[in-house]
Amino acid sequence: MRGTLPPCLGDAMRRSELFLPTLKETPAEAQIVSHRLMLRAGLIRQASAGIYTWLPLGFRVLRKIEQIVREEQDATGAQEVLMPTIQSADLWRKSGRYEDYGKEMLRIRDRHDREMLYGPTNEELITDILAQEVHSYRDLPKNLYHIQWKFRDEVRPRFGIMRGREFLMKDNYSFDLDIAGARHSYNKMFIAYLRTFARMGLKAIPMRAETGPIGGDMSHEFIILAETGESEVFCDRALLSLEPPEADIDYASDLQPSVDAWTRYYAASDDKHDPANCDVPDDDLVTARGIEVGHIFYFGAKYSEPLGAVVQGPDGGRVTLEMGSYGIGVSRLVGAIIEASHDDNGIIWPTAVAPYGVGLINLKTGDSACDQACSELFAFMCAAGIDVLYDDRDVRAGEKFADMDLIGLPWQIVVGPRGLKNGMAEIKARGSGQRSEVSLEDVRSWAMENLPRPA
Ligand code: ATP
Ligand code: MG
């Protein structure tokens, strides 16, 4: 049967073939809804405390999030690299962080007894590369990013991948000649972050964060409001209705007005919140809990100085590079999105990050009319490049409904014997629960119009 199907353009998949171990019972170890749903919907399995295996469905979501992050970074002119996970302790001694970092750093010795570590972040490594390779102001500015696994030996790994020990982060590092340049690099990331999170269906609010000894206003955490968030946050209600910047924003232009449009409103998490300095009227002040999904930070010469990232300036003098670093918790975002978008029956994926665009449910596998109608629809969507997950398993209809709701694909197409007698199928929107009866012919045109296909 399969051999006769037209070639598949997308990632269509039969449920009977997919490795998707779902759970009916709520796992006792999971305290928050995203962790419970990630286990139940077969996205992840724990390997050891704070360390997880990503199963096919979860890995697809992770890759989609990663790709959105990548596209928005590329749009700013940042360039992707890939630094190693294992680093030598030497560079960290130069910056002084080998001792300072404490127990969160996983320290390793190789066979020659050399001290190594599993990178919790990459400032030292990237600064060293720039110090070696960049010698003139003409080579600046530069902004390099990578999307790589990090390890932090958190005291209390919890909430599944939300606070893991091993986690995937996008981190980038900007290098500029002067503070004005550094501010522009910072502003680019500020805008890119707003766009990145909005594309995932999230409302992330930039909040003033700790700057350390350097002071100033260039440190923001991007926070999603959710009941299960780890920090308490305070912000002006006006921020909740601001629109993210448009895709055609010109990153070479002055971005300060677009940044100011956000930063002029009060927003702070618990460690920065100061009631004495908060002039938002009580009625307009939102007090909530939040999940930190990103952090952008300007820190001047903190690393370039000790690691010797110095170039020749336009007037021949030596200039120490101005740096900033910018992180996004790529794996944490999977949990954050679920926290923001679910109901009692399961996950509700925003289309942009859904593991599959649509689920096709065959209510009566083994019934020749149902099998044939489903096979034809599946083949049609396959050929159109629609990423459909076809539940062709020989299990009860109720189980298929429950499973499809649990894994949260944005759309469901339901084909059963009763509707088929009149040539009809049902389309259900997972989010609203709205259903409509549609003829088999119209299902095809609906799919072409409404489901994402490869460009
Ligand atoms: P937190 O205060 O949550 O520990 P952090 O200040 O240590 O975060 P950064 O060093 O700025 O975080 O890292 C950048 C991003 O990486 C964070 O905004 C967060 O989304 C993510 N992140 C940090 N620690 C973890 C972790 N243990 N598990 C998953 N994601 C993490
Ligand atoms: Mg931390």
Side-chain angles (χ1 to χ4, degrees), residues 32 34-35 38 43-44 46-52 54 58 62 65-66 68-69 73 85 95 97 100-106 118-126 145-174 186 189-190 192-194 196-197 200 202 204-212 218-226 228-233 268-272 289-299 302-303 323-340:
I32 63 172
S34 59
H35 189 194
M38 287 186 76
L43 305 182
I44 52 165
Q46 181 173 305
S48 61
I51 303 178
Y52 291 84
W54 292 79
L62 192 66
I65 292 174
E66 191 184 312
I68 292 174
V69 170
Q73 286 299 310
T85 54
S95 72
R97 281 210 290 184
D100 290 356
Y101 218 94
K103 290 198 161 165
E104 267 195 22
M105 180 186 281
L106 180 65
Y118 195 117
T121 178
N122 282 65
E123 280 83 1
E124 283 79 358
L125 204 61
I126 195 80
Y145 75 96
H146 75 162
I147 301 173
Q148 177 64 292
W149 294 90
K150 305 289 185 288
F151 193 94
R152 294 182 187 173
D153 207 351
E154 302 274 356
V155 218
R156 226 173 293 113
R158 56 190 179 147
F159 302 153
I161 47 79
M162 292 275 238
R163 182 163 296 282
R165 295 199 295 165
E166 190 182 47
F167 59 97
L168 188 60
M169 196 203 283
K170 183 285 298 171
D171 41 323
N172 54 329
Y173 305 90
S174 64
Y186 183 88
M189 287 302 122
F190 191 105
Y193 275 37
L194 289 172
T196 302
F197 300 126
M200 297 169 191
L202 294 172
I205 301 171
M207 303 204 180
R208 281 287 282 275
E210 229 19 88
T211 50
M218 286 202 275
S219 174
H220 285 90
E221 288 171 351
F222 286 73
I223 292 185
I224 281 162
L225 304 187
T228 49
E230 285 186 296
S231 38
E232 192 172 23
V233 298
S269 58
D270 34 18
D271 45 343
K272 264 271 167 181
R289 302 203 64 84
I291 301 168
E292 180 193 324
V293 288
H295 189 182
I296 62 178
F297 192 17
Y298 160 76
F299 45 70
K302 183 172 176 198
Y303 301 96
M323 288 180 61
S325 77
Y326 316 89
I328 290 183
V330 175
S331 49
R332 177 178 287 183
L333 273 165
V334 181
I337 291 169
I338 296 173
E339 289 294 330

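Only heavy atoms go into these numbers, but all of them, side chains included; no hydrogens, no water, no symmetry mates. The chain is numbered in sequence order, starting from 1. Counting starts at 1 for both ligands and their atoms, following the listed order.
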Next on the checklist: Judged on heavy-atom distance to atom 17 (C) of ligand 1, which of Glu292, His295, Lys170 sits nearest?
Outcome noted: Glu292
Next on the checklist: Quick check on contacts: which atoms of ligand 1 are under 4.0 angstrom from a heavy atom of Glu154?
Outcome noted: 24 (N), 26 (C), 27 (N)
Item to check | Backbone N/O of Val293 and side chain of Arg332: donor-acceptor pair under 3.5 Å | outcome: no
Item to check | Check: Leu194 and Phe222 side chains under 4.5 Å, non-hydrogen atoms | outcome: yes
Checklist entry - Under 4.0 Å between a Lys/Arg side-chain N and an Asp/Glu carboxylate O for Lys302 and Glu123? => result no
Checklist entry - Looking only at N/O atoms, are Arg332 and ligand 1 under 3.5 Å apart anywhere? => result yes
Checklist outcome for this item: Looking at Phe297, Phe151, Phe159, Phe167, the heavy atom closest to atom 23 (C) of ligand 1 belongs to Phe167
Checklist entry - Which atoms of ligand 1 are found less than 4.0 Å from any heavy atom of Ile161? => result 29 (C)
Checklist entry - Under 4.0 angstrom from ligand 1, any heavy atom of Val293? => result yes
Next on the checklist: Heavy atoms only, cut-off 4.0 Å: how does Arg163 contact ligand 1, side chain, backbone, both, or neither?
Outcome noted: both
Next on the checklist: Taking Glu104 first and then Lys150, would you say they form a salt bridge - that is, a charged N and a carboxylate O separated by under 4.0 Å?
Outcome noted: no
Checklist entry - Just by modelled atom types, is the Gly327 backbone N or O under 3.5 Å from a matching donor or acceptor in the Tyr193 side chain? => result yes
Checklist outcome for this item: Honestly, for Asp171 the part within reach of ligand 1 (heavy atoms, under 4.0 Å) is neither
Checklist entry - Just by distance, with hydrogens left out, do Ser219 and His295 show a side-chain donor and acceptor under 3.5 Å apart? => result yes
Item to check | Proximal atoms of ligand 1 relative to Gly329 (non-hydrogen, under 4.0 Å) | outcome: 15 (C), 16 (O), 20 (O), 21 (C)
Item to check | Mode of Met169 contact toward ligand 1 - side chain, backbone, both, neither (heavy atoms, under 4.0 Å) | outcome: side chain
Checklist entry - Taking heavy atoms and a distance under 4.0 Å, where does Met162 meet ligand 1: side chain, backbone, both or neither? => result backbone
Item to check | No-hydrogen, no-angle side-chain donor-acceptor test under 3.5 Å, Ser269 and Asp271 | outcome: yes
Checklist entry - For Gly164 and ligand 1, does the shortest N/O to N/O distance drop below 3.5 Å? => result yes
Next on the checklist: Looking at Glu339 and Ser34, would you say the former's side chain and the latter's main chain have a donor-acceptor pair under 3.5 Å?
Outcome noted: yes
Next on the checklist: Does the residue Gly294 have a heavy-atom contact with ligand 1, meaning some pair of atoms that are separated by less than 4.0 Å?
Outcome noted: yes
Item to check | Tyr52 and Phe167: CA distance, side-chain angles, deciding distance, side chain to side chain contact (heavy atoms under 4.5 Å, CB included) verdict | outcome: CA-CA 9 Å; Tyr52 291 84; Phe167 59 97; over 6 Å; no
